[in-house]
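Here the structure is laid out as structure tokens; the discussion comes afterwards.
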Amino acid sequence: MPDKGTQVKMEEIDCGAGQPITVLRFIGDITSLSQAAVLGTYQGLPDTAKKILIDFSKVEYLNSSGIALVIQMMIAASKKGQTIQTFGLTPHFQKVFTMVGITRYTKLHPDEQTACAAFSA
Amino acid sequence: MPDKGTQVKMEEIDCGAGQPITVLRFIGDITSLSQAAVLGTYQGLPDTAKKILIDFSKVEYLNSSGIALVIQMMIAASKKGQTIQTFGLTPHFQKVFTMVGITRYTKLHPDEQTACAAFSA
Amino acid sequence: MKHAFSSIELSLPSRLGFEKIAMNTAASVGRIMGFPEDRIEDLKTAIAEACINAIEHGNRLDEKLVVGVTLSMTPDALEVRVLDTGPGPRFPVEVPDIDKKMNEEQQSRGMGMFLIEALVDEAEWVSTPSSGSYARMVIRLPKSEE
Amino acid sequence: MKHAFSSIELSLPSRLGFEKIAMNTAASVGRIMGFPEDRIEDLKTAIAEACINAIEHGNRLDEKLVVGVTLSMTPDALEVRVLDTGPGPRFPVEVPDIDKKMNEEQQSRGMGMFLIEALVDEAEWVSTPSSGSYARMVIRLPKSEE
Ligand SMILES: Nc1ncnc2c1ncn2[C@@H]1O[C@H](COP(=O)(O)OP(=O)(O)O)[C@@H](O)[C@H]1O
Ligand SMILES: Nc1ncnc2c1ncn2[C@@H]1O[C@H](COP(=O)(O)OP(=O)(O)O)[C@@H](O)[C@H]1O
């Protein structure tokens, strides 16, 4: 695929648990150049968004500066009392996220369904 | 995938047309280093093999020296009165095979079923 | 592209198979530049064929001799040079003819340079007697992309 | 591997994003050497982080300065050097701590060198004051493969 930087798709879904869930689907790269895509998109979410699902399944390249943006988003979300669930990281990036300790603050789910279900658990 | 050179799997299949068809499934690379895999395997086929189906769908890298081996196989097959059908080339290599004119001597089918059916056409 | 010109260099020992390294390096540059995937495939095959020729014919498989690859990015094209230490091909080079090949009137090989010319937008072979020779290929970005 | 030692060199302008070229070049070398796919991923991340540091910190995003990458293949390992023109990192480097990061007691960045060390078999940073510095990483082939 040609290099398109970071793209984000925002969606509202209903996992069957009543309250809608806001999904951020990242596509492409998450790097230091993704500040607007990651933090900008997050900041643009309405205050009513309490449950945020992050879809990494279309992310091709992620580096430590990109992970730092994810951490910044998690910090902001925890301040606002929002819950974050994630899914779609490759086994390699699951390992990397575990190495840096992110798994102490959010769970890396294998797929969308499991991640969704975790909001009502 | 780690670099494993050329692998070939030989199979006999029946496309429903009575006479069995000999399938050569190439896996990996087809280059100047594939002489044994391509010509050796071909020469090892029993004389009864009259219909040969070549599966390129698992070929990752093919260069002009590899194509030359395919041409040598086609020359040998034409001398023995064998019919060759092929399938599984990527659009790029379909273009390359067309550029060098191989399509004047064998058809590049989109999939196994179509290639199979072509033997009884 | 913000900058008018920038250049990436790669050097490889002359060993068959190492052309794949050049292919993947070039593919990566091509993707950064925004080439569509079918042009990336053209680029990969062209650079592989040029590297194989540099390894086999130019450097005669002597692994101590280096194949140099330069990838120069301009706003509208990628220029690739593949250098070896030999004198370059002798022209004219026989055009491949599938009928002759099938009739064994022409050897089955001899399609690399033909493919390079067919796949890229510009191809030329330059010989610099004192130092070696290079194949120079240009592949242009589709107009709509810029 | 038939030959005891062979080395591939790559040089890149210091532009963020170009680390991907190094990643894909290295991945290609790793595949030729027969590394399993999970180790290729480790290698890619490690080399990307080293290149980003060379681009950002070593060469301070000055595109005229080159990041050099050498990939040296031995029968049992791949050694990678990523060179820049700066003095290298100042030690000790703060270890990333996710609790501190989440509490904003530590900046969110600062995980690159930690990841490099965690992902490769050997990592060191060498400063050569006159010319620059390099990160040196070694990733070994699994024993069963040879
Ligand atoms: N870099 C080179 N140095 C010297 N001779 C070359 C080089 N590239 C090509 N040639 C010559 O041109 C001929 C045709 O090359 P090519 O079309 O790639 O086919 P092949 O390599 O299969 O022979 C080669 O056989 C060789 O004699
Ligand atoms: N090649 C280098 N040249 C100079 N300083 C470096 C280099 N690599 C790393 N450093 C220093 O080490 C620090 C930690 O690097 P790293 O762990 O990769 O995280 P980050 O780059 O996100 O800060 C950097 O902030 C920088 O000060």
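Order of the sequence lines sets the chain letters (A, B, ...), proteins ahead of strands, with each chain counted from 1. In this text, all values refer to a predicted model and were calculated from it rather than measured experimentally.
With a 4.5 Å cut-off on non-hydrogen atoms, Ile67(A) touches chain D through its backbone and its side chain both. In this structure, chain D has no heavy atom under 4.5 Å from any part of Leu69(A).
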Report the C-alpha separation of Ile102(A) and Ile98(D) in whole Å, then their side-chain angles, then the decisive distance to 0.1 Å, and conclude whether the side chain to side chain contact (heavy atoms under 4.5 Å, CB included) test is met. CA-CA 7 Å; Ile102(A) 291 189; Ile98(D) 190 70; 4.1 Å; yes
Given the rule in the side chain to side chain contact (heavy atoms under 4.5 Å, CB included) test, do Arg109(D) and Ile71(A) qualify, once you have shown the distances and angles that lead to the verdict? CA-CA 9 Å; Arg109(D) 290 195 45 170; Ile71(A) 292 174; over 6 Å; no
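Open room surrounds NZ on Lys100(D); 12 or fewer heavy atoms of other groups in view lie less than 6.0 Å from it. Within a 6.0 Å sphere centred on CD of Glu11(A), heavy atoms belonging to other residues, nucleotides or ligands number more than 12.
In terms of non-hydrogen atom pairs under 4.5 Å with chain A, the most contact-rich of Asn103(D), Asp97(D), Ile52(D) is Ile52(D). When each of Glu19(D), Met23(D), Gln107(D), Met111(D) is checked for heavy-atom pairs under 4.5 Å with chain A, Met111(D) comes out on top.
Smallest separation of non-hydrogen atoms from Gln72(A) and Ser108(D): NE2-OG, 2.8 Å.
Electrostatic pairing of Lys20(D) and Asp29(A) counts as a salt bridge here, judged by a charged N lying under 4.0 Å from a carboxylate O.
Rounded to the nearest 0.5 Å, atoms CG (Leu16(D)) and OG (Ser32(A)) are 4.5 Å apart. Taking NZ of Lys95(A) as the reference point, atom CG of Asp38(D) lies at 6.0 Å (rounded to 0.5 Å).
The backbone N or O of Ser64(A) lies less than 3.5 Å from a partner atom in the side chain of Glu49(D), making a donor-acceptor pair.
Leu115(D) is listed as a side-chain neighbour of Met99(A), based on a closest heavy-atom distance under 4.5 Å. Using a 4.5 Å cut-off on side-chain heavy atoms (C-beta onward), Tyr105(A) and Lys101(D) make no contact. The shortest distance between side-chain heavy atoms of Tyr61(A) and Lys44(D) does not fall below 4.5 Å. Looking at His92(A) and Leu119(D), their side chains come closer than 4.5 Å, going by heavy atoms from C-beta outward.
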